[in-house]
Amino acid sequence: MPEVRRLLPESTCRSDPASPARFTERGWDRAMERALSMDPDEIIADVKASGIKGRGGAAFPTGVKWESVKKALGDMRYVVMNADESELGTFKDRALLQQDPLGALVGVLIAAHAVDAQKAYCYIRGEYRQAEGRLKDALGTLRQLGWVGPNGVDIEIRRGAGAYIAGEETALLNSIEGKRAEPRVKPPFPTNQGLWGRPTLIQNVETLANVAVLLAHDVNWFKEYGSSDTSGTKLIGLSGHVRRPGVYEVPFGYPLANLLNDSDLGGGVAGSQRLGAILIGGAAGTFLSSDEINDSVLDYASLARYGANIGSGALMVFDDTVDLRWVLRKLARFFSDESCGQCVPCRIGTRRVLELIEHGGLTTRQDDLRELSQAMRDASICGLGQTAPVALLSLLDRPDLIQG
Amino acid sequence: MHTEQAAINVRVSALLEDLPKERSQLLPALWRVFEEYWLLEPEMIEAISNAMGVPYAEVYGVASFYALFDNPEGCRPIYVCTDVMCALRGSEDLLKSGQVGAKGTPVSIKGAPCLGYCDEAPALFDGKVTKTQVTQDALAQLIRGEKHA
Ligand SMILES: Cc1cc2nc3c(=O)[nH]c(=O)nc-3n(C[C@H](O)[C@H](O)[C@H](O)COP(=O)(O)O)c2cc1C
Ligand code: SF4
Ligand code: FES
């Protein structure tokens with residue numbers, strides 16, 4: 001089956017990605033007019049019925065989140081687009097923003113209308129300068145067309161400055177407020193008390209682009225692709241030892257092996273041409289063996305059988321010459337560098353894990369590593385500390401993947 | 001010293017002139033000043049604190065949180081990604097050769113975690129734009145300040 005193009009523009013789309021011509025070509029005029037003609041509750045009902053789940057990692061049902069924000073009490077409401085994308089192996093939001101920046105922004109405007117927000121922020125990582133430029137141009141186009149501005153929703157672009165943790169939703173809110181990007185203790189959740197204590201809707205770039213294509217069409221159209229569990233398509237960042245690394249859009253339920261091997265997708269394993277393993281979901285992802293890959297499709301339930309998750313859509317491919325202990329050392333260093341240091345289990349735990357791994361603990365100190373991981377999972381206040389040991393545990397559970 | 005601080009105050013307040021003087025504009029303010037000096041020293045923090053009306057300790061606390069503002073040499077930074085996918089394509093050697101080549105130049109070469117261009121590894125961020133499939137030659141050109149590196 002050929003690659004699907006919904007979130008990503010058709011390759012025949014020749015207009016400038018941020019131009020008014022692209023706006024109509026992609027059907028965003030239709031999406032905006034439809035959204036504004038609908039009652040906010042109808043939009044939320046459509047988003048719920050579409051089955052869209054968050055694409056930033058946690059896969060939380062998007063419509064349910066919108067409903068909480070809409071119902072929360074507050075004199076102001078905000079929408080935030082999370083384009084911080086600093087997860088290892090993840091680059092699909094960057095590709096989406098470069099190829100079609102208007103879609104995600106249209107998603108922001110629809111969300112703002114649905115939850116009755118007056119102001120929106122797009123938070124983009126500081127290294128994505130080209131994508132930021134596109135976003136800025138697209139915002140200019142929306143202003144020119146009258147969709148953004150003093151009479152409607154105001155959108156502001158915020159540039160991050162090199163902090164992985166700023167992508168965590170409450171850390172991101174602190175960053176926008178001009179504070180250190182340290183996560184807040186939840187509850188309260190941002191849906192009730194987000195920016196400046198007001199109800200705030202935070203969504204990933206790709207989630208918002210999904211909303212835009214949904215409103216440009218309808219629920220039935222949206223559900224034509226996908227699995228019985230998860231409707232729609234998913235952007236996958238394919239990297240490492242494949243012939244054609246890149247960002248691909250495929251329906252949920254797509255066989256993982258086909259994603260690697262189809263001639264219009266990964267094109268087959270590169271390097272030694274023998275598959276060693278994949279790491280799916282990012283730095284806090286799961287290593288899967290080739291048997292597990294052959295037995296899995298791109299869907300939450302299928303991957304959960306192996307303790308894995310689609311996460312941010314990162315799919316890193318390693319041939320059989322890569323020492324996965326080396327990969328694990330890199331991941332451990334990453335978490336230890338990026339921990340914000342606010343809570344002890346994560347601050348100390350990420351450092352201890354790194355030390356143990358650097359000193360051969362993967363073979364000699366497995367029990368200690370497991371115990372430490374459990375403590376981090378149970379006692380860290382945010383997702384970074386809670387999920388930092390996931391890749392490590394997945395490798396401990398797959399001794400066959402560790403060489404020599 | 002005094003006159004230097006005064007000069008920095010003038011320059012910084014000009015840079016921040018059109019920014020609303022709100023706490024929430026602190027990160028944009030830090031970016032503007034950082035890109036002017038490639039440095040956030042106590043004098044610049046002081047000037048930002050004055051211009052934005054945010055206490056010095058708070059400005060310092062925020063500035064020191066973010067990796068991209070950590071550039072004490074004040075040289076133009078070039079970040080070479082040394083994370084997994086780029087390392088598989090030789091970025092650790094790239095980093096080393098860059099660091100040797102940059103000695104005595106107004107550029108400093110640093111390692112960085114994943115830059116979000118793993119499909120076109122190895123990647124670097126030169127402080128303004130990201131470049132991909134970087135070769136040692138391309139990095140050397142960039143260090144020498146040649147345009148189309
Ligand atoms: C350490 C950490 C980093 C995160 N980074 C991102 C990110 O870069 N982009 C993103 O969309 N979500 C990120 N998330 C998830 C967000 O907290 C949040 O769940 C998401 O933005 C919600 O949007 P969604 O429901 O549309 O996925 C991160 C979470 C954690 C714990
Ligand atoms: S778990 Fe780690 S990153 Fe999260 S708040 Fe605690 S120290 Fe910071
Ligand atoms: S690992 Fe270098 S860009 Fe992702």
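Lettering follows sequence order; numbering is per chain, from 1. None of the values given here were measured: they were computed from a predicted structure.
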Peer 1: Please classify the contact of A/L88 with chain B as side chain, backbone, both or neither, using a heavy-atom distance under 4.5 Å.
Peer 2: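 It is both, since atoms from each part get that close.
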
Peer 1: Among B/A121, B/G116, B/C86, which has the most heavy-atom pairs under 4.5 Å with chain A?
Peer 2: B/G116

Peer 1: Shorter than 4.5 Å, heavy atoms on both sides: which option in A/G271, A/G162, A/C340, A/G133 has the most such pairs with chain B?
Peer 2: A/G162

Peer 1: Hey, what do you get for SG (B/C114) to CZ (A/F334), rounding to the nearest 0.5 Å?
Peer 2: 8.0 Å

Peer 1: Can you check whether chain B and chain A share any donor-acceptor pairs under 3.5 Å, and give the atom names and distances if they do?
Peer 2:
residue : atom : partner : partner atom : Å
A/R94   : NE   : B/G116  : O            : 3.0
A/R94   : NH2  : B/G116  : O            : 2.9
A/R94   : NH2  : B/D119  : OD1          : 3.1
A/R125  : NH1  : B/C114  : O            : 3.1
A/R125  : NH2  : B/C114  : O            : 3.0
A/E127  : O    : B/T130  : OG1          : 3.0
A/R129  : NH1  : B/E35   : OE2          : 2.9
A/Q130  : OE1  : B/T130  : N            : 3.3
A/Q130  : NE2  : B/T130  : O            : 3.0
A/E156  : OE2  : B/Q25   : NE2          : 3.2
A/R158  : NH1  : B/S24   : O            : 2.7
A/R158  : NH2  : B/S24   : O            : 2.9
A/R159  : O    : B/W31   : NE1          : 3.3
A/G160  : O    : B/W31   : NE1          : 3.1
A/A161  : O    : B/A67   : N            : 3.4
A/A161  : O    : B/L68   : N            : 2.9
A/G162  : O    : B/A67   : N            : 3.1
A/S175  : OG   : B/Y66   : OH           : 2.8
A/G178  : O    : B/R23   : NE           : 2.9
A/G178  : O    : B/R23   : NH2          : 3.1
A/R180  : NH1  : B/G61   : O            : 2.6
A/K330  : NZ   : B/T82   : O            : 2.5
A/K330  : NZ   : B/E92   : OE2          : 2.7

Peer 1: Quick one: list whatever passes side-chain contact (heavy atoms from CB on, under 4.5 Å) with A/A391, sequence neighbours left out.
Peer 2: A/L279, A/F287, A/L328, A/L331

Peer 1: Between A/G246, A/P245, A/A181, A/A314, which residue shows the highest count of heavy-atom pairs closer than 4.5 Å to chain B?
Peer 2: A/A181

Peer 1: Which answer fits A/I165, side chain, backbone, both or neither, if we ask what part of it has an atom under 4.5 Å from a heavy atom of chain B?
Peer 2: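 Side chain only.
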
